[in-house]
Amino acid sequence: MSRTPLIAGNWKMNGSRAALDELSAMVADLAANPVDGVQVLICPPAILVARAAELAGETVAIGGQDAHAKESGAHTGDVSAAMMKDAGASHVILGHSERRTDHGEASELVARKAEAAWASGLVAVICIGETEAEKNAGRTLDVLADQIERSLPVGVTPANTVVAYEPVWAIGTGRTPTVAEIGETHAFIRGRIADRFDPETADGMRILYGGSVKAFNAAELLALGDVDGALVGGASLKASDFLPICRAARG
């Protein structure tokens, strides 16, 4: 099945209104030189989503970095999926390792957030990945199988969900698994999705790789058959760093 590559940029807790100049540069470049057949997504901090959506227009999709499992209520400091949608977001990252670690988010909560995202019309970008300790213990595939089982709720479809594999030990470290390891792991993830749901869902599901994706290694990683794009961290903050990754997805 043909799957549209997705290059998603996660700005994390970086950026001010002035940083949106980089988004404007991305939009202008992509409008003038389209990357046909590739979807581009930027997920800025929540306070910038509305303005980013205005600047991005139809050229770049805008997403959130998290959303609460409930639509509204007494949850000071939180943002709901409905609020993200109202601000102009089309996607939301859920279950990122930094949320799982820093905020103690369990896979069951990630699944509830995904359901809330769908209810508000957002595509859930659900992150999975193993820590260095889990990798060293030879538990990578067991960890991923468990996260797929508990983080992806019933109702997953290729239209409402993207899965992002990010080995936690590779995020922001400059380290990446070997190309062979990434290919094998993505094939395993697709197989587990087929087991959990059905082969058609697995065939259509976009599975992104994240973890120190840069312009110099993007083409090799994105050429792998089960890698359908990338979740990019630091390199998404600058148009000059991010756009080459987007173009690498075109093949």
Looking at Asp146 and Arg139, is any side-chain nitrogen of the basic one under 4.0 Å from a carboxylate oxygen of the acidic one? no
Take atom CD in Glu181; do more than 12 heavy atoms of anything else shown fall under 6.0 Å from it? yes
Test: ring pair (Phe, Tyr, Trp, His ring centres under 6.0 Å). Region: residues 92-133. Which pairs qualify, not counting sequence neighbours? none
Could you tell me the separation between the CG atom of Leu152 and the CZ atom of Phe197, rounded to the nearest 0.5 Å? 5.0 Å
Any donor-acceptor pair under 3.5 Å from Arg100 side chain to Cys127 backbone: yes
By salt bridge (Lys or Arg N to Asp or Glu O under 4.0 Å) - contacts of Arg192 (at least two apart): none
Donor-acceptor pair, side chain of Arg51 and main chain of Arg17, under 3.5 angstrom: no
Between the side chain of Arg206 and the main-chain N/O of Val162, is any donor-acceptor distance below 3.5 Å? no
For the pair Asn160 (side chain) and Gly155 (backbone), establish whether a donor and an acceptor sit closer than 3.5 Å, ignoring hydrogens and angles. yes
How far does CD1 of Ile42 sit from CG of Leu237, to the nearest 0.5 angstrom? 8.5 Å
Between Ser120 and Ala117, is there a donor-acceptor pair closer than 3.5 Å when you use the side chain of the first and the backbone of the second? no
Would you confirm whether Gln147, through its side chain, and Gly129, through its main-chain N or O, come within 3.5 Å as a donor-acceptor pair? yes
Please check: side-chain N/O of Ser80 versus main-chain N/O of Ser72, any donor-acceptor pairing under 3.5 Å? no
Checking the side chain of Arg250 only, and the main-chain atoms of Gly37 only, is there a donor and an acceptor separated by less than 3.5 Å? no
If we ignore hydrogens and angles and just use 3.5 Å, is the side chain of Glu22 paired with the main-chain N or O of Ala239 as donor and acceptor? yes
More than 12 heavy atoms of other residues, nucleotides or ligands under 6.0 Å from CD of Glu54: yes or no? yes
Which residues pass the salt bridge (Lys or Arg N to Asp or Glu O under 4.0 Å) test with Glu105, not counting sequence neighbours? Arg99, Lys113
Using the side-chain contact (heavy atoms from CB on, under 4.5 Å) rule, pick out the option among Gln65, Met13, Lys12 that qualifies with Pro45. Gln65
Separation between CG of Asp102 and OG of Ser97, rounded to the nearest 0.5 Å: 8.5 Å
Are there more than 12 heavy atoms of other residues, nucleotides or ligands under 6.0 Å from atom NZ of Lys135? yes
Using 30° and 60° as the class limits, which term best fits the ring planes of His186 and Tyr165: parallel, tilted or perpendicular? perpendicular
Would you say the side-chain atoms of Asn217 pair up with the backbone N or O of Ser212, donor to acceptor, closer than 3.5 Å? yes
